[in-house]
Amino acid sequence: MHDAGSFSAADTSALSLRLADGDSRCSGRVELYHNGSWGTVCDDAWELADATVVCRRLGCGEALLAVSEAQFGPGSGNILLDDVQCRGDEDNLWQCSHRGIAVHNCRHKEDASVICAEPVTPPVTTEPIPADMSLRLVNGGDVCSGRLEVFHNRSWATVCDDGWDMKDATVVCRQLGCGDAVSATIDAFFGEGTGDILLDNVACRGDESSLEQCSHRGLGTHDCYHKEDAGVICQDLHRIYVKFIEENEENSCQLRMQKEIVLMVVLALDECDVSDPRHQFPLELTTPEATEISLKADFCSCCSSVGVPRCGASLHELNKALRIELNANANCVWQIQRNANQTIRLIFSYFKFAPSSSCKTESITIYDGPSTNSPVLGQVCNDTDAVPVLQSSSDSLTFLITTNSVAFTRNFFVFYYFFSPETKVENCGGQLTGPNGTFTSPNYPKPYPEFTYCVWHIRTAKNSKINLRFQDFFLELDPNCQFDFTAVYDGLTTNTGLIGKVCGRAQPTFESSSNVMTVALSTDYANSYRGFSAQYTSTPLPGPVEPNIFLTCSSDSMKIVLSTSYLASLGYNETHLQLNDPSCHPVVTDLVIFSFSLASCGTTKKDEDQSITYTNIISLSATGGIITRQKSIQIIAKCKMENNSTVEAIYITKNNIIQNTTSVGRYNVSISFYDSDSFSKPVLQSPYYVDLNQTLFAQVSLHSSDPNLLVFVDTCIASPQPDFGSLTYDLIRSGCNKDDTVVTYPPLEHYGRFKFNAFRFLQSFPSVYLQCDILICDSNNTNSRCTKGCISRQKRAISSYKWKTNTVVGPIRLKRDLRSADHSESLTKADAEETPNLQQYSFYTLSFVVLISNIIIVVAVILKYHIKCQAGYSYQKIQSSH
């Protein structure tokens, strides 16, 4: 990393800064003018502190958002800065740490941007300049709560939260005349400040009259960022703020348990009867500790209790929140019923099932009535992509939670309330059309109403996408957004397609994948704030990008080839890719090539009806600060082995769109003859010359890197013709031996073996060819076809194999034909003896001619008889003359 010294004085004097292609001069892509042209900044490590420096330099006020991935469009020219890391108090962006001028590993699709608050012209004032080391509280509800700032050297600076505690807050509240301290806030609870960080490691005793009397590291000496700005909440005459206790503390008001400090206007609590003296807070609280204890007790006494039922309950309150914890093998029923003549709204705002569980093994089933025999209203399980909100048709509702046997603590947060559907809330939901628009929560900017559920449906022109930005957003804060929340969905339903759920103080941005989006607001019975103001715009969708991916499958391996340009069009590069096994890396040139054996790199095998499928997944991880529907992209590569080929398929899942491409290959299967039943020495000669009735040993071999396959010889036929025309003879059919000389060996891994005696076809056919149908099964499947042996035609109606191919071997010819002059080459299996060797003497020649004539007559008579009795060809057993 480099520091500001990377730029010479001449460099910095020529540098300028601007925001391009934004909606105003205070939002857009960050660009620097250097060496006569404008360049961009890479978004690596781009965060709010960097945006703060940019916004302050341009006079644009507070930085609202540090935006990555060229959200305002890719720039052009040089990329001047990369890995920028600002503290937040620098005067210029080029003073921040970075890799060096024009030193980067980025593309313009990674250009950084910012969104700043619009500049506000300060009014002309004659107020005196504050005294040095004066204090103020910023961004709180009033002058007695907020981010702590100290005036020094004619500017306001912040205080770091290292070591910040109630003793320090007590001194601040006393110095400001705001009474006792209620809370010492950390982690920039009231927002991040700007400018210098003046104090760090402040350590007050609690009795000092001013903060500057407390111990600290020294003015301007710190190791902090503005995300660590300290704040305080003091007691004053108008508001009392409550710090809630930790979430895991027992016997507490658990509906508001959270690690963050949440502001609450006590006098506005509708559920507390403030005229009841039991719920009046004491006017004088002597210590911060007493304040916290008293407020906890009073708040918890007036809140509706939050139950932690072990397994089921019968509920009759008008509203209630439940924090449920369940372990393995639970089967628990909750029944909600009240004679109220109202409808029930049930909200599962947080649920955590056992990892890898399915809807079949554990779920929440909701019934529209008083028992589990009532009609099913809905189901919630591990893959539910929504915040389930269900509504009964009467004044009773039941839900059942079942869990599987996995040892895991499941957590659920559920709340319900009775309401009258005919009661309408103004400005609560509706239909929004047109290319852009705005909407707000009910009562905005005043506190939103309790027990409210509003749904807005946004629809823009076809072939466009929606960008939603919350310009102002303040809902009750909770780490899991269990109480009040806004949920945004990619589509026109709240049942699936959840993009995100937000609460607290933020300015979130969402993006849809199409021209429809749904926004839902849900509130409970306490702690209402000003809600939100939202704006949406639409932009045209880019044209479809053709997937430039190739997949090749063989018996041994899978090869996936992707072009770097196609990855770039998806917003990724080769560093974002990984297979099921992340240790398997690609070879990268102009292409990205994954090549691996079928039994490696996390490849999975699935034994399906009449096929075996090998699958691996290339995952592409999404990055960036904007919330979007584009989740992690997966390229699913499948090699499907079926019938006489290997069908290769690729599925690319992106925004629920599946694209595919196919090609064809095959298992590598061969058949060979061996010289003995040890099957150690294959016969390499072709043609294979044998003696009549000689025992022939045949082996079918599967050449594959997958060790968990089994080979089975289903059918073998013989033919005198290599094209296996009409003249054929069955040796094996459906695993059954059809020739009484055939002996099959039990399946052995990648080998199928059998033996038979040599024969020849009637008529003068010189050769015999074998063709075998081979079945390939998963050896882990003990019930596969490969383990069944001989199956009759009737039984074969069941799915009988997983992968089928055929292989051919031949020709086979008689050894005597090897010695004959005309190489007539015939093998016999008819009613005749093997012909003796010819002699060179004429006497024997004449005798041989006479003998042959007699044989021809006999054969002619036999053929005539067979032609009358049966059409086609056949064979007969031949006994050897030996």
Would you check if the distance from the ring center of F679 to the ring center of Y674 is below 6.0 Å?
yes
Counting only N and O atoms by type, is there a donor-acceptor contact under 3.5 Å from the side chain of K605 to the main-chain atoms of A599?
no
Should C42 and D83 count as side-chain neighbours, where that means a heavy-atom distance under 4.5 Å?
no
Apply side-chain contact (heavy atoms from CB on, under 4.5 Å) to Y729 and L731, showing your working.
CA-CA 7 Å; Y729 170 66; L731 289 174; 3.8 Å; yes
How about P355 and F408: do any of their side-chain heavy atoms sit closer than 4.5 Å?
yes
Residue of the set L562, V587, I635, L551 for which side chain to side chain contact (heavy atoms under 4.5 Å, CB included) holds with F594:
L562
Can you find a pair of side-chain heavy atoms, one from F712 and one from T787, that are under 4.5 Å apart?
no
Show the numbers, then the answer: is there a ring pair (Phe, Tyr, Trp, His ring centres under 6.0 Å) between Y745 and Y751?
CA-CA 10 Å; Y745 296 84; Y751 306 105; over 10 Å; no
What is the distance from atom CG of N737 to atom SG of C790, rounded to the nearest 0.5 Å?
7.5 Å
Just wondering, do L492 and R459 contact through their side chains at under 4.5 Å, heavy atoms?
yes
Is there a side-chain contact between I618 and Q578, using heavy atoms and a 4.5 Å cut-off?
no
Is a side-chain donor or acceptor of T564 paired with a backbone partner of L591 at a separation under 3.5 angstrom?
no
With heavy-atom distances below 4.5 Å as the criterion, would you say the side chains of S357 and V406 are in contact?
no
Is the number of heavy atoms from other residues, nucleotides or ligands within 6.0 Å of CG (D383) greater than 12?
yes
Go through the steps to decide whether K465 and E511 satisfy the test salt bridge (charged side-chain N to carboxylate O under 4.0 Å, His left out), and finish with yes or no.
CA-CA 7 Å; K465 63 180 179 179; E511 182 180 283; 3.5 Å; yes
For K681, is there an ion pair with D675 - N to carboxylate O distance below 4.0 angstrom?
no
Once rounded to the nearest 0.5 Å, what's the spacing between atom CD1 of I636 and atom CD1 of I560?
11.0 Å
Side chains of C716 and F754: does their closest heavy-atom pair fall under 4.5 Å?
yes
Rounded to the nearest 0.5 Å, how far does SG of C601 lie from CG of L579?
5.5 Å
Can you find a pair of side-chain heavy atoms, one from N783 and one from K788, that are under 4.5 Å apart?
yes
Report the distance from atom CE of M517 to atom CD1 of I458, rounding to the nearest 0.5 Å.
6.0 Å
